[in-house]
Peer 1: 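Right, I'll just put the structure down here and ask away after.
To find a chain, count down the sequence lines: A is the first, B the second, and so on, and within it residues start at 1. Note: hydrogens, waters and symmetry copies are ignored here, and every other heavy atom, side chains too, is used.
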There are 2 protein chains.
Amino acid sequence: MKTFSINYHLFKREKEGIINIFLKENENVLNSFSKRRIMFKKNMDNRNEKENTIRDVANLAGVSVATAGRVLGGYGSASSKSVSAVKDAAAKLNYIPNGIAQSMKKKNTKTIGLIIANISNPYFSSIARLVEEVLAKEGYNLIICNTDEDSERELSYLRTLYEKRVDGLMIASALKDSESSEDEVLKMYKNSIPTIIIDREIPGIDLPTVTSDNFRGAYEATTHLIKMGHKKIGVIGSNISTLFRRVDGYKQAMEENFLTFDDYLISNKTYDNVSPGDVNEGIFATRELLKDPETRPTAIFPLNNLLTTGALIAIDEMGLRIPEDVAIVGWDDFDLAPLLKPPITVVKQSSYNIANIATNRLLELISNSSLSSEADKKVTLSTELVVRGSCGNKAN
Amino acid sequence: MKTFSINYHLFKREKEGIINIFLKENENVLNSFSKRRIMFKKNMDNRNEKENTIRDVANLAGVSVATAGRVLGGYGSASSKSVSAVKDAAAKLNYIPNGIAQSMKKKNTKTIGLIIANISNPYFSSIARLVEEVLAKEGYNLIICNTDEDSERELSYLRTLYEKRVDGLMIASALKDSESSEDEVLKMYKNSIPTIIIDREIPGIDLPTVTSDNFRGAYEATTHLIKMGHKKIGVIGSNISTLFRRVDGYKQAMEENFLTFDDYLISNKTYDNVSPGDVNEGIFATRELLKDPETRPTAIFPLNNLLTTGALIAIDEMGLRIPEDVAIVGWDDFDLAPLLKPPITVVKQSSYNIANIATNRLLELISNSSLSSEADKKVTLSTELVVRGSCGNKAN
DNA sequence: AAATATAATGAAAACGTTCTCAATTAATTA
DNA sequence: TAATTAATTGAGAACGTTTTCATTATATTT
C-alpha cells in the first residue's frame with residue numbers, strides 16, 4: 001500500500017482558493033485520500049453508534065448534567081420529579097455509565113490484579129476462585145496474570161497493571177533473591193499500589209504476606225519419610241523460587257537425622273518447552289531420578305501438586321510399584337488422592353485460608369491504606385501432613 | 001453513628017465572619033467534622049503523593065505536553081533533542097502513563113472479560129490459561145468472572161464488564177432457554193461489545209460460537225456403554241444448561257438402541273450449598289443413584305469433569321467395584337485417569353482448541369468488527385472417546 | 001537569496017464522568 | 001407577610017491523556 005502525505009501549505013492555499021491546479025493534477029490521489037477519510041468517519045460513527053452519555057440522559061429528562069449525575073449516582077438531593085424523569089430517560093436510552101470516566105474522576109478502578117504462576121494449577125485456580133468470590137461481593141473485578149515463574153513476565157504484568165491503575169495487587173512472585181534488589185523491581189513494588197504477597201515471600205521486599213508454612217510442611221513430610229525408614233530421599237522442583245523454603249525444610253530434616261543428600265537427589269533441571277513446576281517437569285525429573293536402580297532414591301517428594309501428578313505418571317509408566325519400589329509424598333491434597341492405589345500421602349495446605357485472609361487484608365489495605373495490626377503483617381498458615389498409604393514402612 | 005448536615009448558608013456566613021456564635025455553640029460537632037476533613041485531606045494527599053503526569057514530564061523536559069505525548073506515545077515527530085529530554089524526564093520521574101486517561105481518549109481498554117461457571121474447574125482453568133496467554137501477547141488483560149451457573153450473576157457481571165468497557169467478551173453462558181428471550185438479556189447481548197460464546201450455545205442468541213460437539217460426544221459415550229452390554233445407564237448433571245445437549249445425545253443413543261430410561265436415571269436435583277456441576281453434586285447424585293441395589297443402573301455417565309470426580313469418590317466410599325458393580329465413563333480427560341484402578345474411560349474435549357479458536361476469533365472481531373467468514377460462525381469441535389478400563393464388558 | 005517543502009512545536013479541544021460552588025426555588029417559622 | 005431555613009438546581013472545573021490545527025523553525029530546492 002502506497003503512502004503519501006499531503007502538504008499542509010498546499011491545503012491551506014487550496015482553502016484560500018489559490019491553487020486549483022494541484023487539485024486537478026492529483027485528483028486520483030486526493031480521491032483515495034478522501035475515501036479514506038470517509039471510511040474512517042463512517043467507522044467512527046459506527047462505533048459511536050449509540051454510546052449514550054449522561055448528557056443525553058440529562059437532555060432527554062430536561063435537567064442539567066449535574067442533576068442527572070445526582071440521581072443516577074445516588075448522592076446529593078433531587079426532587080422526586082427530577083428523579084423519575086432522569087430514571088425514565090436512562091431506562092429509555094438504555095444508559096450504562098462509562099466506568100472509565102468514573103475511574104478517571106473517582107481515582108479508583110474497582111479492579112484487582114492477581115499475579116500467579118499458572119491459573120491451570122489447581123492450587124492457584126482454587127485461590128483465584130475464592131479471591132474472585134470475595135472481591136465480587138465488594139464490587140471488585142479480578143484480572144489474572146500467568147507468569148509461568150518467569151520474573152520478566154512478572155515485571156511486565158506489574159507495569160501493565162500499574163498503568164491500568166488497579167486498586168490492589170495480589171502476587172505469588174517468581175522473583176528470586178538475586179533479582180529482588182534490582183532498582184526497577186523495587187521501584188515497581190514501592191509504587192504505592194496496595195499489595196499482598198501470597199504463597200511465598202519475596203526476599204528483600206517488605207510487604208504484607210500470607211503463606212503456608214512451606215518450611216515446616218516440607219520438614220514434616222521429610223521427617224515422616226525418614227521415620228518410615230527411608231534414607232535416600234529425592235526432591236523434585238528445587239529450581240522454582242516458590243519452593244526454596246520447602247527445600248530448606250527437607251534439608252533440615254535430613255540433617256537432623258544425620259542423613260546425607262547428594263546433589264543429584266535434589267532435581268533442579270529446567271527442560272525445554274516445559275514451564276517450571278508443570279506436570280511435564282514432574283515426569284521428566286522423576287524419570288531421571290529413578291532411571292538407575294542402583295542410585296535410585298527409595299522415596300521422592302515432589303514439591304508442588306503438578307509435579308506430584310507428573311511423578312505419579314512417570315512412576316506408573318516405568319512400571320514401579322508404590323511404595324515398594326519408591327515411596328512418595330506429594331505437596332497439596334487433591335480429590336483423587338485417596339482413590340489411587342495406594343492412596344497418596346500429602347502435605348495439605350489450605351488455599352481457602354490463604355485466599356480468604358489475603359483478600360480481606362487487601363481490602364483492608366485499600367480502604368485504610370494500612371493494616372490494623374502491624375504485628376501480624378506476615379501470616380504463616382500451618383500445613384497438615386495427611387498420611388495415607390504411599391510411604392510404606394521400611395522401619396520394621 | 002450519628003449523622004449531621006451543615007447548613008450551607010451558615011458556612012457562607014461563617015466565612016464572612018458574621019456568625020461566630022454558632023461556632024461556639026456547636027464546637028464539638030464542628031470539631032469532629034473538621035477532623036474528618038483533615039483526615040480526608042491527608043488521605044488524598046497521601047494518595048496523590050507522586051502521581052506524575054505527562055504534564056510533569058513535559059515541564060521537566062522543557063517542552064509542551066503535546067511534544068511529550070508524541071515522544072512517549074511514539075507517534076508524530078519530534079527532534080532528537082526533545083526525544084531525549086522527554087525520555088530522561090520520564091525516567092527521572094518514574095513516569096507511568098495513566099491507562100485510564102488513555103482509554104478515555106482512545107476508546108479501548110485492552111481488557112477482555114471471561115465469564116465462566118467456575119475457574120476452579122480444570123476445564124475452565126485450562127481454557128482461561130490459554131486465552132490469557134494468547135491475549136497477553138496482543139497486549140490484552142483478562143478479567144475472570146465465576147457465575148456458578150447462576151444466570152443472575154451472569155447478567156450482573158455482564159453489566160459490570162460493559163461499564164468497564166471491556167474490548168471483548170468470552171462467555172460460557174449459564175442462560176437457559178426460558179430466560180434468553182427476556183428483554184434485558186437480549187439488550188445486554190446486543191450491546192455491541194464483540195462477544196464469543198464458548199462451551200455451549202446460548203439458545204435464541206445469534207453470536208459467534210465455539211463449542212465441543214456435546215451432543216455427539218455424549219451419544220458416542222452412551223453408545224459405547226450400550227455396546228458393552230449396559231442397558232440401565234444413569235446420567236448425572238442434567239440440571240445444568242451446559243449439559244442439555246449432552247443429555248440429548250444420551251437420550252438419542254438410548255432410543256436408537258430401543259432402551260428405555262426412567263426419569264430417576266437422569267439425575268437433576270439441586271442440592272443446598274452445592275454449586276451446580278461441582279464435585280459435591282457428583283457425590284450426592286451418585287450416592288442417590290446407586291443407593292438401591294435393585295434399581296441401581298449398571299453404568300453411570302457424569303456429564304462433566306467435576307461430577308466425574310464426585311462420582312468416583314462416591315463409588316469408592318460405597319465400596320462398589322468398577323466396572324463389576326458399576327461402570328463409568330467420564331466427561332473430560334484428566335491426567336490421573338489412566339492411573340486409577342481401573343483406568344477411566346472418558347470423553348475427551350480439547351480445551352486447547354476451544355481456547356485458541358475462540359480467542360483468535362475474538363481478536364478478529366475486535367479489529368474488524370466482523371468475522372472474515374460468516375460461514376463458520378458456529379464452530380463445533382469433535383470430541384474423542386478414550387476407551388480405558390472402566391466400562392467392563394457385559395456383552396459377552 | 002528567494003521560494004518552497006518539510007519537520008517540529010504548543011495551544012487547546014475533546015473523552016464522560018463527579019462534584020463544588022453559587023444561586024434559585026420551596027418550605028417553614030416568626 | 002416577612003424572615004429564615006432547607007431543598008433543589010445548573011454552570012463549569014477537573015481528572016490525564018491524545019490529537020488536530022495553526023504556526024514557527026529548519027531544510028531543501030530553485
Peer 1: Ignoring the backbone of A:Met104, work out which of D:dC15, C:dT18, C:dA12 is nearest its side chain.
Peer 2: D:dC15
Peer 1: In chain order, what residues pass the side chain to side chain contact (heavy atoms under 4.5 Å, CB included) check against B:Lys92, with sequence neighbours excluded?
Peer 2: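 So B:Lys92 forms a side chain to side chain contact (heavy atoms under 4.5 Å, CB included) with B:Leu60.
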Peer 1: With sequence neighbours excluded, tell me which residues meet side chain to side chain contact (heavy atoms under 4.5 Å, CB included) with A:Asn98.
Peer 2: A:Glu51, A:Ile100, A:Ala101, B:Arg165
Peer 1: Measure CD1/B:Ile54 against P/C:dA12 and give the value in whole Å, please.
Peer 2: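 So the CD1-P distance, B:Ile54 to C:dA12, works out to 18 Å.
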Peer 1: When we call it a touch if two heavy atoms are under 4.0 Å apart, what does A:Val63 touch: a base, just sugar-phosphate, or nothing?
Peer 2: sugar-phosphate
Peer 1: C:dG16 C1' sits how many Å from A:Tyr95 OH, rounded?
Peer 2: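 In whole Å, C:dG16 C1' and A:Tyr95 OH are 7 Å from each other.
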Peer 1: Taking atom P of C:dT17 as reference, at what distance in whole Å does atom CD1 of A:Ile100 sit?
Peer 2: 10 Å
Peer 1: Should we say atom NZ of B:Lys110 is surrounded by more than 12 heavy atoms from elsewhere, each under 6.0 Å from it?
Peer 2: yes
Peer 1: Where along residues 79-88 of chain A does a heavy atom come under 4.0 Å from DNA chain D, residue by residue in number order?
Peer 2: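 By residue number: A:Ser79, A:Ser82.
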Peer 1: What residues form a side chain to side chain donor-acceptor pair (under 3.5 Å) with B:Thr160, not counting sequence neighbours?
Peer 2: none
Peer 1: Is B:Gln102 near enough to D:dG16 that one of its side-chain N or O atoms lies under 4.0 angstrom from OP1 or OP2?
Peer 2: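 Result: no.
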Peer 1: Return the set of residues passing side chain to side chain contact (heavy atoms under 4.5 Å, CB included) with B:Asp88 (not counting sequence neighbours), or none when no residue passes.
Peer 2: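 B:Asp88 satisfies side chain to side chain contact (heavy atoms under 4.5 Å, CB included) with no other residue.
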Peer 1: OP1 or OP2 of C:dG10 less than 4.0 angstrom from a side-chain nitrogen or oxygen of B:Ser64, does that happen here?
Peer 2: yes
Peer 1: Would you give the length of the straight line joining atom CD of A:Glu138 to atom CG of A:Asn360, rounded to the nearest 0.5 angstrom?
Peer 2: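 Here the interatomic distance stands at 8.0 Å.
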Peer 1: Separation of B:Asp56 atom CG from D:dG16 atom P, in whole Å?
Peer 2: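 One finds 9 Å between P of D:dG16 and CG of B:Asp56, rounded.
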Peer 1: Side-chain N or O of A:Tyr75 less than 4.0 angstrom from OP1 or OP2 on C:dT17?
Peer 2: no
Peer 1: Assuming nearest nucleotide by heavy-atom distance, tell me which of B:Pro97 and B:Arg70 is located more 5' along DNA chain D.
Peer 2: B:Pro97
Peer 1: Answer yes or no: does a side-chain N or O of A:Lys105 lie under 4.0 Å from OP1 or OP2 of D:dA13?
Peer 2: no
Peer 1: Can you give me the bend angle of the helix from C:dA1-D:dT30 to C:dA30-D:dT1? Use the axis through the first five pairs and the one through the last five, nearest 10 degrees.
Peer 2: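 Angle reported: 40°, given to the nearest ten degrees.
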Peer 1: Do B:Arg165 and C:dG16 share a donor-acceptor pair, side chain to base, under 3.5 Å?
Peer 2: no
Peer 1: Answer with base, sugar-phosphate or nothing: what part of the nucleic acid does A:Ala78 contact at a heavy-atom distance below 4.0 Å?
Peer 2: sugar-phosphate
Peer 1: Can you measure A:Lys110 atom NZ to C:dT18 atom P for me and round it to whole angstrom units?
Peer 2: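 About 14 Å, once rounded to whole Å.
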Peer 1: Of all residues at least two apart in sequence or in a different chain, which pass the side chain to side chain contact (heavy atoms under 4.5 Å, CB included) check with B:Ser79?
Peer 2: B:Lys81, B:Ser82
Peer 1: So, is B:Ser77 close to the C:dA7 phosphate, meaning a side-chain N or O under 4.0 Å from OP1 or OP2?
Peer 2: no
Peer 1: Restricting to salt bridge (Lys or Arg N to Asp or Glu O under 4.0 Å), what partner residues turn up for A:Asp150, sequence neighbours left out?
Peer 2: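 With sequence neighbours excluded, A:Asp150 shows a salt bridge (Lys or Arg N to Asp or Glu O under 4.0 Å) to no residue whatsoever.
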Peer 1: Show which side-chain atoms of residues 64-73 of chain A pair as donor or acceptor with protein atoms under 3.5 Å away, not counting sequence neighbours.
Peer 2:
unit_1, atom_1, unit_2, atom_2, d
A:Ser64, OG, A:Ala66, N, 3.4
A:Ser64, OG, A:Thr67, N, 3.2
A:Ser64, OG, A:Thr67, OG1, 3.2
A:Thr67, OG1, A:Arg70, NH2, 3.4

Peer 1: To the nearest Å, how far apart are A:Arg55 CZ and C:dA14 C1'?
Peer 2: 11 Å
Peer 1: Measure the distance from CG on A:Asn59 to C1' on D:dG10 and round it to the nearest whole Å.
Peer 2: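 Taking atom C1' of D:dG10 as the reference, CG of A:Asn59 is at 13 Å.
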Peer 1: Just compare C:dG16, D:dG16, C:dA11 and give me whichever is closest to any side-chain atom of B:Thr53.
Peer 2: D:dG16
Peer 1: In whole angstroms, how far is the C1' atom of D:dT17 from the NZ atom of A:Lys107?
Peer 2: 12 Å
Peer 1: Just wondering, do A:Asn141 and B:Cys145 contact through their side chains at under 4.5 Å, heavy atoms?
Peer 2: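 The answer is yes; the side chains approach within 4.5 Å.
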